[in-house]
Novice: 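Before I ask anything, here is the structure I am working with.
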Amino acid sequence: MKTNNLTHRNFPMKKLFDICKLDEQWKRVDNSIPRRYVLLKDDASIDLRMIKSNFTESYNFKKNSFIIIKDSIAEFYEGDLFR
């Protein structure tokens, strides 16, 4: 069964960063590149910082959410965020 992203509002998001800080509740899935992480508990966060612009974004995620980090881009799904 094919899911419709428009119905479920689960759009992929890509965020650019200089520094990425993962909370201690994230676990690396495997040793592949790009790096994939899974969240072990509810409400863990990720902080993304842009150094020259002095800008920081922070996101909180639901349990079993995945995030992919490749070079300076973090990719995750909007449906995995706590609102």
Side-chain angles (χ1 to χ4, degrees):
M1 179 181 201
K2 186 176 178 182
T3 58
N4 185 349
N5 283 341
L6 294 175
T7 304
H8 294 92
R9 298 180 190 267
N10 198 16
F11 302 107
M13 297 178 70
K14 293 183 179 183
K15 297 291 182 174
L16 186 65
F17 64 87
D18 290 324
I19 298 173
C20 176
K21 182 180 175 189
L22 296 173
D23 203 344
E24 67 273 355
Q25 294 143 356
W26 290 93
K27 180 182 176 187
R28 190 161 176 188
V29 175
D30 52 23
N31 287 331
S32 67
I33 294 178
R35 292 175 177 87
R36 294 178 357 145
Y37 296 89
V38 64
L39 180 58
L40 303 175
K41 294 170 130 181
D42 273 337
D43 203 25
S45 65
I46 180 174
D47 295 327
L48 305 174
R49 295 186 183 130
M50 297 293 287
I51 295 173
K52 291 186 179 182
S53 63
N54 198 20
F55 181 72
T56 301
E57 287 183 298
S58 184
Y59 298 97
N60 293 333
F61 290 85
K62 299 173 186 173
K63 185 176 181 177
N64 296 325
S65 298
F66 281 92
I67 187 167
I68 298 172
I69 298 176
K70 182 179 181 182
D71 298 327
S72 294
I73 298 174
E75 184 176 337
F76 51 88
Y77 285 93
E78 185 178 349
D80 291 340
L81 297 174
F82 268 126
R83 296 284 175 181

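Residues take their numbers from the sequence shown, with the count starting at 1.
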Novice: With sequence neighbours left out, write down each residue that passes ring-ring contact (aromatic ring centres under 6.0 Å, His included) with Tyr59, or none if nothing qualifies.
Specialist: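 Partners of Tyr59 by the ring-ring contact (aromatic ring centres under 6.0 Å, His included) criterion, ordered by chain and then number, come out as Phe76.
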Novice: Treating Ile, Leu, Val, Met, Phe, Trp and Tyr as nodes and any side-chain heavy-atom pair under 4.5 angstrom as an edge, say whether Ile46 and Ile73 lie in one connected cluster.
Specialist: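 No; Ile73 is not reachable from Ile46 via cluster members.
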Novice: Quick one: do Ile67 and Val29 end up in the same hydrophobic cluster if we chain Ile, Leu, Val, Met, Phe, Trp and Tyr together by side-chain heavy atoms under 4.5 Å apart?
Specialist: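 Shared cluster, no.
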Novice: Listing request: all salt bridge (Lys or Arg N to Asp or Glu O under 4.0 Å) pairs with a residue in residues 46-59, at least two apart in sequence or in separate chains.
Specialist: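 Output for this query lists Lys15-Glu57.
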Novice: Kindly compute the distance separating CG (Asp80) from NZ (Lys63), expressed to the nearest 0.5 Å.
Specialist: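 One finds 14.0 Å between CG of Asp80 and NZ of Lys63.
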Novice: Step by step, work out the side-chain contact (heavy atoms from CB on, under 4.5 Å) result for Lys70 and Glu75.
Specialist: CA-CA 8 Å; Lys70 182 179 181 182; Glu75 184 176 337; over 6 Å; no
Novice: Does CG in Asp30 sit with more than 12 non-hydrogen atoms of other residues, nucleotides or ligands closer than 6.0 Å?
Specialist: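 Check passes, neighbour count above 12.
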Novice: Going by the ring pair (Phe, Tyr, Trp, His ring centres under 6.0 Å) test, name the single residue among Phe66, Trp26, Phe82 that passes it with Phe61.
Specialist: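 The passing option is Trp26.
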Novice: Consider only side-chain heavy atoms of I, L, V, M, F, W and Y, link residues closer than 4.5 Å, and tell whether Met13 and Tyr37 are in one cluster.
Specialist: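 Yes; Tyr37 is reachable from Met13 via cluster members.
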Novice: Take Lys62 and Leu39 through the test side-chain contact (heavy atoms from CB on, under 4.5 Å) and record every step on the way to the result.
Specialist: CA-CA 7 Å; Lys62 299 173 186 173; Leu39 180 58; 5.7 Å; no
Novice: Should Phe17 and Leu81 be counted in the same cluster of Ile, Leu, Val, Met, Phe, Trp and Tyr side chains packed under 4.5 Å apart?
Specialist: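 Same hydrophobic cluster.
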Novice: Nearest 0.5 Å, what's the CG-CG distance between Leu48 and Leu22?
Specialist: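 Rounded to the nearest 0.5 Å, the CG-CG separation comes out at 8.5 Å.
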Novice: Roughly how far apart are Asp43 CG and Lys41 NZ, rounded to 0.5 Å?
Specialist: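 Those atoms lie 10.5 Å apart.
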Novice: Any chance you could measure Ile69, atom CD1, to Arg36, atom CZ, to the nearest 0.5 Å?
Specialist: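 Separation between the atoms: 12.5 Å.
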Novice: Once you round to the nearest 0.5 Å, how far does OG of Ser53 lie from CG of Asp18?
Specialist: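 Here the rounded value is 7.5 Å.
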Novice: Counting only heavy atoms from other residues, nucleotides and ligands, does the tally under 6.0 Å from CZ of Arg35 exceed 12?
Specialist: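 Check fails, neighbour count at 12 or below.
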Novice: Taking atom CD1 of Ile68 and atom CD1 of Ile33, what is their separation to the nearest 0.5 Å?
Specialist: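 With rounding to 0.5 Å, CD1 (Ile68) is 13.0 Å from CD1 (Ile33).
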